[in-house]
Amino acid sequence: ATGPLSRTQGCDGLAGVWAMVGELPEFANPNGDVNSIVTAFSDLPSDIRVLLGPRLVSAFIGRDLEQAARLVSDIIERAPGEHGEAHDLVVGNLMQIEGSETAATVVYESLRNGNSTTAVDALIQLAELSLAQHMEPPLNLLGDLSAAANAWRGTQKGTELNRLEVLWMAKLGDGAGAMALLTSAEGHEPEGSDRLRQTAEEVLREMSESFILEVGYAETIYTHLDRVSAQSEGDELRVKIATQLLRSGLPDFAIEALGPPTLRNDVDAILLTAQAHIAAFRPNEALAVLSDITGDRPAQLRTEAFLRLADFESALAELANLEHDSSVAVQPHWYAGDWGIAAATNAAAARIAEIYFPKAQDTIVDSEIPTTLLSTQNLLDASRLRNQELREMVASP
């Protein structure tokens, strides 16, 4: 580390080979010396090439010099005899880089068994590749990751194995178990704490982007919400979490998760916070949150909030700003009262029912029929039927 190679920016020929396999930090990129390094490597005796080759290939890959890495690999393979597991591993890495993920998977599978460094590296590459390509987990993957993590506990590889086991557990639908394992791993992998903290956010993201919420989702989020960054980089994940909490019928918890981005005036967070207040039957709070926000979506939310308050005039005024959008519709359940009575006694309510109720075969109001006593009676009957359907929907599991 204190020799002349550690102080050079460019190093050709055989000296370049030693600089690269030694991973000397000052030797960041050989630039025009790549060909001389490859040539010097090819002149080495075959047994030395087998010994140094895998590290040289990895060094080239680490410097984004895949073409040179492939040349070195080909030189090794031209030598007679066995080339060793370390070379097989870098060949798999090259296959992955070159887009041959299936072939790389076959190589990693053949190397993963055992406790050698090569076997562990192959297991890590296999787990990462399968995750990145959204493949089915290889047979016994979780068990192998767990066993290897225990064997390499306290090392950088141990941290990486724990991380991958946690991510795969979350991928397979056991987010709560993944977070429990992560908490345990942090206790015996202190040097990898930063890496594991990042993994916690990845697990919570995986849980929150799933179309099917696992049992205990809310409890897991509540326990580990402090792991999500309160800075701006955590805003997107907090919005995803809040969306799922609203789906779970937990509006107040959603508002809590949205606290930091809402304070930063993140528009998505503000809109979701307003939606949560409406779901919690606090329309006045929703209107307060939306007071400085303009646009179609805020106007729709304000419409819903005004209808919760039976303020038909204000709701109609909001809808008037959206008339250019033919898809604008008012859901009858936004107003908790009886639409028949409201339409008969309030001109704004009648106008909303006439124009903005969903247009379908079972629509409550036919926009071509004026609000007469008969149409009002039909509206009342349809409203009562709709209210009953909604009650049954809420009561169902």
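Taking the charged nitrogens against the carboxylate oxygens, E186 and R227 do have a contact shorter than 4.0 Å, which makes a salt bridge. Note on D252 versus R282: salt bridge recorded, some NZ/NE/NH1/NH2 to OD/OE distance being below 4.0 Å. A salt bridge between R308 and E304 is present, with a side-chain N of the basic residue lying under 4.0 Å from a carboxylate O of the acidic one. Here R238 does not pair with D266 in a salt bridge; the nearest charged N to carboxylate O distance is not below 4.0 Å. Ion pairing between a basic and an acidic side chain is recognised when a charged N comes within 4.0 Å of a carboxylate O; R163 and E160 show such pairing.
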Residues Q275, R297; criterion side chain to side chain donor-acceptor pair (under 3.5 Å); working and verdict
CA-CA 11 Å; Q275 187 177 339; R297 180 59 179 149; 3.3 Å; yes
Applying side chain to side chain donor-acceptor pair (under 3.5 Å), run through R70 and Q67 and close with a yes or a no.
CA-CA 5 Å; R70 172 55 72 181; Q67 186 175 1; over 6 Å; no
Apply side chain to side chain donor-acceptor pair (under 3.5 Å) to the pair S208 and Y217, showing each step before the final yes or no.
CA-CA 9 Å; S208 301; Y217 170 81; 2.7 Å; yes
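Atom CD of E136 sits in a sparse spot, with 12 or fewer heavy atoms from other residues, nucleotides or ligands closer than 6.0 Å. Atom CG of D292 has 12 or fewer heavy atoms from other residues, nucleotides or ligands within 6.0 Å.
Proximity of a side-chain donor or acceptor of R302 to a complementary backbone N or O of L290 within less than 3.5 Å is detected. Judged by distance alone, with hydrogens and angles left aside, the side-chain atoms of E165 form no donor-acceptor pair with the main-chain N or O of A149 at under 3.5 Å. In this structure, S210 contributes its side chain and M207 its backbone to no donor-acceptor pair below 3.5 Å. A donor-acceptor pair under 3.5 Å links the side-chain atoms of S42 to the main chain of T39, judged by distance alone. A side-chain donor-acceptor contact under 3.5 Å links S291 to the backbone of A288. The backbone N or O of S229 lies less than 3.5 Å from a partner atom in the side chain of E201, making a donor-acceptor pair. Between the side chain of R264 and the main chain of Q231, a donor-acceptor pair closer than 3.5 Å is present. Formation of a donor-acceptor pair under 3.5 Å by the T273 side chain with backbone atoms of A269 is found in this model. In this structure, T105 contributes its side chain and E101 its backbone to a donor-acceptor pair below 3.5 Å. Remark: the backbone N or O of G177 is paired with a side-chain donor or acceptor of D174 at under 3.5 angstrom.
With ring centers used as reference points, F312 lies 6.0 Å or more from F306.
Both L52 and V72 belong to a single network of hydrophobic side chains, linked directly or stepwise wherever heavy atoms of I, L, V, M, F, W or Y lie under 4.5 Å apart. L204 and M169 fall within a single hydrophobic cluster, where Ile, Leu, Val, Met, Phe, Trp and Tyr are joined by side-chain heavy atoms under 4.5 Å apart, directly or via other members. Both I221 and L250 are members of a single hydrophobic cluster when ILVMFWY side chains are connected at heavy-atom separations under 4.5 Å. Two different hydrophobic clusters hold L322 and I293 under the rule that ILVMFWY side chains link at heavy-atom gaps under 4.5 Å. Under a hydrophobic-cluster definition in which Ile, Leu, Val, Met, Phe, Trp and Tyr are linked whenever side-chain heavy atoms come within less than 4.5 Å, directly or via other members, I255 and L272 are assigned to different clusters.
In this structure, a donor-acceptor pair under 3.5 Å is absent between the side chains of Y222 and E256. Under the 3.5 Å distance criterion, with hydrogens and angles disregarded, no donor-acceptor pair is assigned to the side chains of Y108 and D88.
Two residues are said to be in side-chain contact when any heavy atoms from C-beta on lie closer than 4.5 Å; S130 and P137 fail this criterion. Taking 4.5 Å as the limit, every side-chain heavy atom of V289 sits out of range of all side-chain heavy atoms of E285. The shortest side-chain heavy-atom distance between P261 and S232 does not fall under the 4.5 Å cut-off. Here the side chains of H277 and P283 are not in contact, with every heavy-atom distance at 4.5 Å or above. Between L51 and D47 there is no side-chain heavy-atom pair separated by less than 4.5 Å. With contacts defined as side-chain heavy-atom distances shorter than 4.5 Å, the pair F41/I48 does not qualify.
Test Y335, W339, W334 against F357 for ring-ring contact (aromatic ring centres under 6.0 Å, His included) and you get one pass: W339. Evaluated for a side-chain contact (heavy atoms from CB on, under 4.5 Å) with E128, the options L123, L167, L164 yield exactly one hit, L164.
Rounded to the nearest 0.5 angstrom, L316 CG and T303 OG1 are separated by 9.0 Å.
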